[in-house]
Amino acid sequence: MAGKDLKLDNIRYNWPKLFIKPPEGDEIDAEDITSGLRFLDDDSDAVLTNTYANDAIMDGQAYSYSQVGMNTINSRFVLHYGDWYDYKMKKHEIARFFMQKGLYRIRTDAEPGIVKFVRAGNFTIKNPEDRSHYIQFTIPWENPSGVKWSLPYSDDLMEYDQDLWQYGMNLPNGIDLHYHYVNTHNFDIYNASDIDIDPVERYPLQIIVTGFHGKFDMVNETTGDEIVYTEPLEPEDKLVWDNLSVYKNGELDNGSSNLAWIRLKRGWNHFKIYGYDNVDIRFHFRFVYLN
């Protein structure tokens, strides 16, 4: 998403904070949308849909599959205003910000390293009859993926003082995690997500290979998944498995592969690259978390 991120390190708040990056623009503190606006909290519930199949001659139903569904994240605010003219102006400023088309990225100070990609749904701001000059309202964020994502990617710098990572992201204590290996043919990749990473399930994964000579063949021995590129590579070539497709030097080239892809189980995954050629390999993906 376009725009810069806020620097949240070493900042302490007395009230909960919501940080929003609009479809186009820099990330802001939600309370900067208009004066008198205060964020109260947000909440959401996970949606899991189980599907069953019917058989006309048998009782009951047989389980088919489960699917994480779209959910709603409700962000609650309170707005303080002066007279009626002040109310009208602030209501317009709130509507102008939240009614942009496209995906917003939101995160709170409770989970600064975890984000949601959402769209604002319909909301109502109504001048209270008691003229108290305070209005409480809710922004219902539509979360199409139904999950939360790590702010950084796996191959970003994994140091807490970089304002990218946080406690509660399933990261093992005291273990250095690596997602970039050079001239190593047996290595481990840690998936800190709450679920398996599977590109078929719309959880993106890129594997970038450079510096290799010959046919490339790699297997995730934890899942049994194997990807093969059958045409000979030169060290200057760049091979990218991008979800379900493979690209050589930026050009789609599925025909030279075994039409397979890699999944990552939760936790540790052991990989083996066949052969002894030099290789530079990098895994690029976001961790996925459930509500």
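Hydrogens, waters and symmetry mates are skipped; everything else that's a heavy atom, side chains included, is used.
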Exercise for review: Using the side-chain contact (heavy atoms from CB on, under 4.5 Å) rule, take F287 and I195 through it: C-alpha gap first, then chi angles, then the decisive distance, then the call.
Suggested key: CA-CA 9 Å; F287 301 142; I195 60 176; over 6 Å; no

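- Side chain of T138 to main chain of P140: no donor-acceptor pair is present (N/O by atom type, distance under 3.5 Å, no hydrogens or angles).
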**Study point:** CA sep, side-chain torsions, deciding dist, call: D217, I273, side-chain contact (heavy atoms from CB on, under 4.5 Å)
**Key:** CA-CA 6 Å; D217 189 344; I273 298 175; over 6 Å; no

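- Using a cutoff of 4.0 Å between basic side-chain nitrogens and carboxylate oxygens, K4 and E27 are not scored as salt-bridged.
- Although no hydrogens or angles enter the test, the distance criterion places a donor-acceptor pair under 3.5 Å between the side chain of Q166 and the main chain of G113.
- Annotation: W141 is not in aromatic contact with F123 [ring centroid separation under 6.0 Å not met].
- The aromatic rings of F187 and Y181 sit parallel, their planes meeting at an angle under 30°, below the 60° perpendicular limit.
- With sequence neighbours left out, K91 forms a side-chain contact (heavy atoms from CB on, under 4.5 Å) with Y87, I125.
- In this pair, Y81 and H133 present their aromatic rings tilted. The plane angle is within the 30 to 60° band.
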Practice item. Report the C-alpha distance between N71 and V47 in whole Å, list the side-chain angles of each, state the deciding distance to 0.1 Å, and finish with yes or no for side-chain contact (heavy atoms from CB on, under 4.5 Å). Key: CA-CA 6 Å; N71 68 341; V47 175; 3.7 Å; yes

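- Checked for salt-bridge contact, D196 and R263 miss the test: no charged N lies under 4.0 Å from a carboxylate O.
- Taking CD1 of I33 as the start and CD of E93 as the end, the distance is 10.0 Å to the nearest 0.5 Å.
- Residue A30 comes nearest to F77 through the heavy atom pair CB-CE2, 4.0 Å, listed as atom of the first residue, atom of the second, then distance.
- Between the R38 side chain and the V78 main chain, no donor and acceptor come within less than 3.5 Å of each other.
- Without hydrogens or angle criteria, T210 side chain to L239 main chain gives no donor-acceptor distance under 3.5 Å.
- Taking 4.0 Å as the cut-off between side-chain N and carboxylate O, R76 and D42 do not count as a salt-bridged pair.
- Of all heavy-atom pairs between T222 and H270, the closest is OG1-N, 2.9 Å.
- Using a 4.0 Å cut-off between charged side-chain N and carboxylate O, K88 and D83 make no salt bridge.
- A donor atom on one side chain and an acceptor atom on the other are found under 3.5 Å apart for N269 and N220.
- Between Y289 and W149, the closest side-chain pair of non-hydrogen atoms is not below 4.5 Å.
- When atom types are taken as modelled, the side chain of N191 and the backbone of L264 share a donor-acceptor pair closer than 3.5 angstrom.
- Counting non-hydrogen atoms of other residues, nucleotides and ligands closer than 6.0 Å to OH of Y134 gives a total of 12 or fewer.
- Within the structure, the side chain to side chain donor-acceptor pair (under 3.5 Å) test picks out the following pairs touching residues 229-240 (sequence neighbours left out): Y229-D253, D237-N249.
- D280 and H180 form a side-chain donor-acceptor contact under 3.5 Å, judged by distance and modelled atom types alone.
- For residues 53-63, every residue pair satisfying the side chain to side chain donor-acceptor pair (under 3.5 Å) rule, not counting sequence neighbours, is listed here: N54-Q61, Y63-S66.
- Dense packing is recorded around NZ of K248, with more than 12 heavy atoms of other residues, nucleotides or ligands lying under 6.0 Å away.
- Counting non-hydrogen atoms of other residues, nucleotides and ligands closer than 6.0 Å to CG of N122 gives a total of 12 or fewer.
- Although no hydrogens or angles enter the test, the distance criterion places no donor-acceptor pair under 3.5 Å between the side chain of H185 and the main chain of F271.
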Practice item. Starting from the C-alpha separation in whole Å, work towards a yes-or-no answer on side-chain contact (heavy atoms from CB on, under 4.5 Å) for E31 and K17. Key: CA-CA 8 Å; E31 295 181 2; K17 288 290 184 178; 3.0 Å; yes

